[in-house]
Amino acid sequence: MFTTLPAVSALPTQDLFEAIETLKKDLNAVVLAHYYQDADIQDVADYIGDSLGLSRQAAATSADVIVFAGVHFMAETAKILNPHKQVLLPDLNAGCSLADSCPPAAFAAFKAAHPGHLVISYINCTAAIKAMSDIICTSSNAVSIVQQLPAEQKIIFAPDQNLGRYVMQQTGRDMVLWQGSCMVHETFSEKKLVQLQITHPGAEIIAHPECEAVVLRHADFIGSTTALLKYAQQSTKTEFIVVTEPGIIHQMEKQAPGKVFIPAPPTANCACNECPHMRLNTLEKLYLAMKTRQPEITLDPDIQRQALKPIQRMLELSA
Ligand code: 13P
Ligand code: SF4
């Protein structure tokens, strides 16, 4: 069927901003965006945050429609928390390599091979993996959640081996790690990072815990995207090498004006430090999602119900 949709690309950005604001009111919608989204999506969002902040917002919203500018597992989490609300994702193909690295059937076998273990899953996983988990965590509360568990409790941590290793280091706990990883955070080159530090001796290196241990050992500060942003604001230093997806730099420049933020270089000569999944969302797709009220997130009701418990447990443990 022929539609008028192609005309959207001809609209100036300012008109799209205005059209999105009108649709927010018409639909009683809230736009939640992750820091890795394009700058103009961040500028139109009602709330921008890390995975924990976004989950908290999704749990608390009184909006009828949640427009999730992020990736699929994030929109799924919002839907699990709000089974009766409509959750829209601008591009349904916005997945996550880390979530994909943990297929449910293989994880069920892994879990069966480790009886008596509590399953803590990083929020970057599918609803099916969440449904098989005891507690969900994010990069901002993983260390604290593990610290709250009895010392003798055996733990499986999935799916990110890099975050898992970092948590083990911080807590002194042993955990069985699922060997998943994020294609974006594994792309940073230790060699290029060290070279960059030599040419910027006054800069602090701030890194996300999804990075590999060889990269994290050079960091002055490690934290979730929100923690990195707060650190950059509060630090007395004025120059930072940012070792995570560079979308966060838009907020850093807005919230710490006058400071300089340098994206850490990937191994190859490419833009592969940008998350290809996150970047599938565009302002135009966000507008169209609101106008047409699709693509919408739908979930198997049993999985949706089972996945809610470990998410609620996370929210209780990080209140
Ligand atoms: P946070 O939002 O917890 O910082 O995690 C980053 C990330 O990779 C999201 O996909
Ligand atoms: Fe997934 Fe990595 Fe992209 Fe985050 S940055 S959404 S973990 S692929």
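Model, not experiment: these values are computed from the prediction. Sequence positions, counted from 1, serve as the residue numbers for this chain. All ligand and atom numbering here is 1-based and tracks the order in the structure.
- Exactly one residue among I297, V30, L54, N281 makes a side-chain contact (heavy atoms from CB on, under 4.5 Å) with F68. That residue is L54.
- Atom 2 (O) of ligand 1 has H34 NE2, 2.7 Å as its closest protein atom, hydrogens excluded (heavy atom only).
- In this structure, the side chains of D43 and H250 come closer than 4.5 Å at one or more pairs of heavy atoms.
- Excluding waters, the set of protein N, O or S atoms lying under 2.8 Å from atom 2 (Fe) of ligand 2 comprises C182 SG.
- Dense packing is recorded around CG of D302, with more than 12 heavy atoms of other residues, nucleotides or ligands lying under 6.0 Å away.
- For NZ of K24, the number of neighbouring non-hydrogen atoms (other residues, nucleotides, ligands) closer than 6.0 Å is greater than 12.
- Residue T225 has at least one heavy-atom neighbour below 4.0 Å for each of these atoms of ligand 1: 1 (P), 2 (O), 4 (O).
- A donor-acceptor contact shorter than 3.5 Å links the side chain of R173 to the backbone of Q153.
- Residue-ligand proximity, Y122 to ligand 1, at heavy-atom distances under 4.0 Å covers atoms 5 (O).
- Among protein heavy atoms, atom 10 (O) of ligand 1 sits closest to N124 ND2, 3.2 Å.
- In this structure, the side chains of H218 and V194 come closer than 4.5 Å at one or more pairs of heavy atoms.
- In this pair, Y231 and F240 present their aromatic rings perpendicular. The plane angle is above 60°, beyond the 30 to 60° band.
- Within a 6.0 Å sphere centred on NZ of K154, heavy atoms belonging to other residues, nucleotides or ligands number 12 at most.
- For ligand 1, the atoms closer than 4.0 angstrom to any heavy atom of S51 are 1 (P), 2 (O), 3 (O), 5 (O).
- In summary, E316 and R313 engage in a salt bridge, as defined by a charged side-chain N under 4.0 Å from a carboxylate O.
- At the shortest separation from atom 8 (O) of ligand 1 among protein heavy atoms lies E210 OE2, 2.9 Å.
- Of the candidates G223, A227, S139, it is S139 that places a heavy atom closest to atom 1 (P) of ligand 1.
- Residue contact check: S224 has heavy atoms under 4.0 Å from atoms 4 (O) of ligand 1.
- Applying the 4.0 Å criterion to heavy atoms of M74 picks out, from ligand 1, the atoms 9 (C), 10 (O).
- Of the heavy atoms in Y35, none comes closer than 4.0 Å to ligand 1.
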Give the intermediate values and the outcome of side-chain contact (heavy atoms from CB on, under 4.5 Å) for residues S121 and K130. CA-CA 7 Å; S121 293; K130 288 185 176 77; 5.7 Å; no
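- The shortest separation from a heavy atom of E245 to ligand 1 is not under 4.0 Å, leaving the residue out of contact.
- Test H208, E186, E212 against N162 for side-chain hydrogen bond (donor to acceptor under 3.5 Å, both in side chains) and you get one pass: E186.
- Proximity of a side-chain donor or acceptor of E245 to a complementary backbone N or O of C275 within less than 3.5 Å is detected.
- In the vicinity of D50, heavy-atom distances shorter than 4.0 Å reach the ligand 1 atoms 1 (P), 2 (O), 4 (O).
- Annotation: atom 6 (C) of ligand 1 to nearest protein heavy atom, H208 NE2, 3.3 Å.
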